[in-house]
Number of protein chains: 2
Amino acid sequence: MRILLVEDELDMASALNDALSKHNIVIDHVASIADAREAVHGRSYDAILLDRQLPDGEGLRLIPELRADNIDSPIIVLTAHNDHEGRIRGLDLGADDYMGKPFVVEELIARLRAVLRRPTLLSPDIIRVGRLAFDVAHMEPSLDGKQLLLPRRELLVLAALMKRSGRTVIREALVNAVYSFDVEIQSNSLDAHVSRLRKKLAGLNAGAAIHTIRGIGYLLKASE
Amino acid sequence: MRILLVEDELDMASALNDALSKHNIVIDHVASIADAREAVHGRSYDAILLDRQLPDGEGLRLIPELRADNIDSPIIVLTAHNDHEGRIRGLDLGADDYMGKPFVVEELIARLRAVLRRPTLLSPDIIRVGRLAFDVAHMEPSLDGKQLLLPRRELLVLAALMKRSGRTVIREALVNAVYSFDVEIQSNSLDAHVSRLRKKLAGLNAGAAIHTIRGIGYLLKASE
DNA sequence: ATTCGCGCAATGTTTCTGCAATGTTGGAAT
DNA sequence: ATTCCAACATTGCAGAAACATTGCGCGAAT
């Protein structure tokens, strides 16, 4: 359980840190909108606690921005501005709950638990080809619903081919998908991985096969 | 949009009825727990507004009853008992929000909108894998109903794995769940925690095991 | 003062993977 | 049709990652 605390008063921040730590919640603390923006970039939080008065502006501004970025973590606004207009505005901007300071920490935690009971369910992104399926978010291939274990490079090859299944994947694109920039290959390693993967798919009777498009690249499609 | 109002004070009820009607919300009004029980039976509501003091008892009692019946509608508790112990109790019984009377109707509507934005599903309070159980809200693992004591880091690892049990948890996601960004790890500490946790699970015969997905992450699933 | 958890690192183990040697194939040019 | 060559396929292998395990010492909590 990891949450982001956006709060510029250090006393408040450290008090919350102590209290939430006792509940085995990991906190990332930032003190400005700019830092918050950076913190959510890439990482995903179970929840976000947001102060309104921040050195670089009104905290509420951040909410629509995050929602526009598809960041669906529950947001609880914490603030000394505890009038109902503020609460209504915060909630309507996309916050999930709103607490006026001062508050009892236990209540904050209870409200956290309440918003966390409602799961932020992300629609699973699953590609199917033949009897193969690939869960993109979890990088998990499966065959007839049973998880398929593959070495990393073969997995990356399969992922790239499945994401563009039925279309030819240009050799160069495949190299980019499988190798990061800092690793350079100086031989036919890619071909070797394709070969091994192809053999496995055939052996497993996966109902999908890798075709070679000579001079261009590879293509995955259902057999028959 | 149709909501159930459980409230015995008629003034309050009719005031709410008027206010919500203006927002095209249809209200079914009942004045007792017994009637509420009957009303939810068969019909499904977008939300439930629940008073605490009712002629046939304490309104909060109804919440776990509804949840046990798989009625997942958001519940907002409205009450004159507006102390924080009551709020905590209400929320922990399964309410989604809690408002003290008197309140501004517009705020109630904003809070209604907020809870209606969230997914309608409830994630189970307790996740089970093998003989292991994990109370997500309280971050408490148990084995055969007996509480399991784990060091913080191992607990966080277990929490992350159980929340996504049966699915691969990408290594980086696991690091994110366990470490806040001010403590950066420079070695194989995560592996060490996984190793120790794995050993404990095996020693306790927990009926669940951590599998390694080489190059990707870890996966918790029931053994056999 | 003592215990416990943690990060770290040294060491051992397993599994991958890049490479290269060698075999195969498709099609362009004659 | 035949030849020839570049592109691709296959496979063993040794070095390299990735991971597992365990002990240690520091520091926080009790």
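Below, chains carry the letters A, B, ... as their sequence lines are ordered, and counting in each starts from 1.
Nucleic acid contact for R198(A): sugar-phosphate only, since backbone atoms but no base atoms lie under 4.0 Å from a heavy atom of the residue. Within the nucleic acid shown, T212(A) comes within 4.0 Å of sugar-phosphate atoms alone, with no base atom in reach, counting heavy atoms only. Base engagement by R196(B) is indicated by at least one non-hydrogen atom pair under 4.0 Å involving a base atom.
For I210(A) and dA9(D), the CD1 to P distance is 9 Å, given to the nearest whole Å. Between the CG atom of D191(A) and the P atom of dT10(D) there is a distance of 10 Å, rounded to whole Å. The distance between atom CG of L156(A) and atom P of dT17(C), rounded to the nearest whole Å, is 9 Å. Taking atom CG of L155(A) as the reference point, atom C1' of dT17(C) lies 15 Å away to the nearest angstrom. When the C1' atom of dC19(D) is taken as reference, atom CD1 of I216(B) falls 14 Å away, rounded to whole Å. Here the P atom of nucleotide dC19(D) and the CG atom of L219(B) are 14 Å apart, to the nearest Å. Atom NZ of K200(B) is separated from atom C1' of dA20(D) by 16 Å (rounded to the nearest Å). To the nearest angstrom, P of dT14(C) lies 18 Å from CD1 of I213(B).
Between H193(A) and H193(B), the residue anchored closer to the 5' end of DNA chain C is H193(B), taking for each the nucleotide with the nearest heavy atom. Looking at which nucleotide of DNA chain D each of V194(B) and A192(A) is closest to, the 5′-most match is held by A192(A). In terms of position along DNA chain C, the nucleotide closest to E154(B) lies nearer the 5' end than the nucleotide closest to the other residue of the pair P151(A) and E154(B). Toward the 5′ end of DNA chain D lies the nearest nucleotide of K199(A), the other residue of the pair R152(A) and K199(A) mapping further downstream.
Nearest nucleotide to the side chain of R171(B), out of dC8(C), dC6(C), dC19(D): dC19(D). For Y179(A), the listed nucleotide lying nearest its side chain is dG18(C); candidates were dT10(D), dG7(C), dG18(C). Closest approach to the S189(B) side chain among dA20(D), dT17(C), dG7(C) is made by dG7(C) (side chain taken as heavy atoms from C-beta onward).
A salt bridge links D191(B) with R171(B); the closest basic N to acidic carboxylate O contact falls under 4.0 Å. The existence of a salt bridge linking E85(A) and R89(A) is excluded, since no basic side-chain nitrogen approaches an acidic carboxylate oxygen closer than 4.0 Å. Note on D56(A) versus R37(A): no salt bridge recorded, every NZ/NE/NH1/NH2 to OD/OE distance being 4.0 Å or above. The existence of a salt bridge linking D96(B) and R67(B) is confirmed by a sub-4.0 Å separation between a basic side-chain nitrogen and an acidic carboxylate oxygen. With salt bridges taken as basic N to acidic carboxylate O contacts below 4.0 Å, one links D28(A) and R2(A).
Remark: S195(A) is not in phosphate contact with dA9(D), judged by side-chain N or O atoms under 4.0 Å from OP1 or OP2. In terms of phosphate contacts, R153(B) brings no side-chain nitrogen or oxygen within less than 4.0 Å of OP1 or OP2 of dG5(C). In this structure, Y218(B) reaches the dA20(D) phosphate: one of its side-chain N or O atoms is under 4.0 Å from OP1 or OP2.
Summarising the geometry of L156(B) relative to M1(A), their closest heavy-atom pair is CD2-N, 3.8 Å, with the distance given to 0.1 Å.
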Sequence-aligned protein contact record of nucleotides 21-30 of chain C, with B where the base is within under 4.0 Å of a protein heavy atom and S where only the sugar-phosphate is: B---BS----
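No donor-acceptor distance shorter than 3.5 angstrom exists from the side chain of T79(A) to the backbone of D51(A), with no hydrogens or angles considered. Remark: the backbone N or O of N205(B) is paired with a side-chain donor or acceptor of R131(B) at under 3.5 angstrom. One N or O on the side chain of S223(A) and one on the backbone of G207(A) form a donor-acceptor pair closer than 3.5 Å. Judged purely by atom type and a 3.5 angstrom limit, R164(B) uses its side chain to pair as donor or acceptor with the backbone of A160(B).
Screening L158(A), V169(A), V194(A) against I210(A) for a side-chain contact (heavy atoms from CB on, under 4.5 Å) leaves a single residue, V194(A).
Direction change of the helix axis from one end of the helix from dA1(C)-dT30(D) to dT30(C)-dA1(D) to the other is 40°, with five pairs defining each end axis (rounded to 10°).
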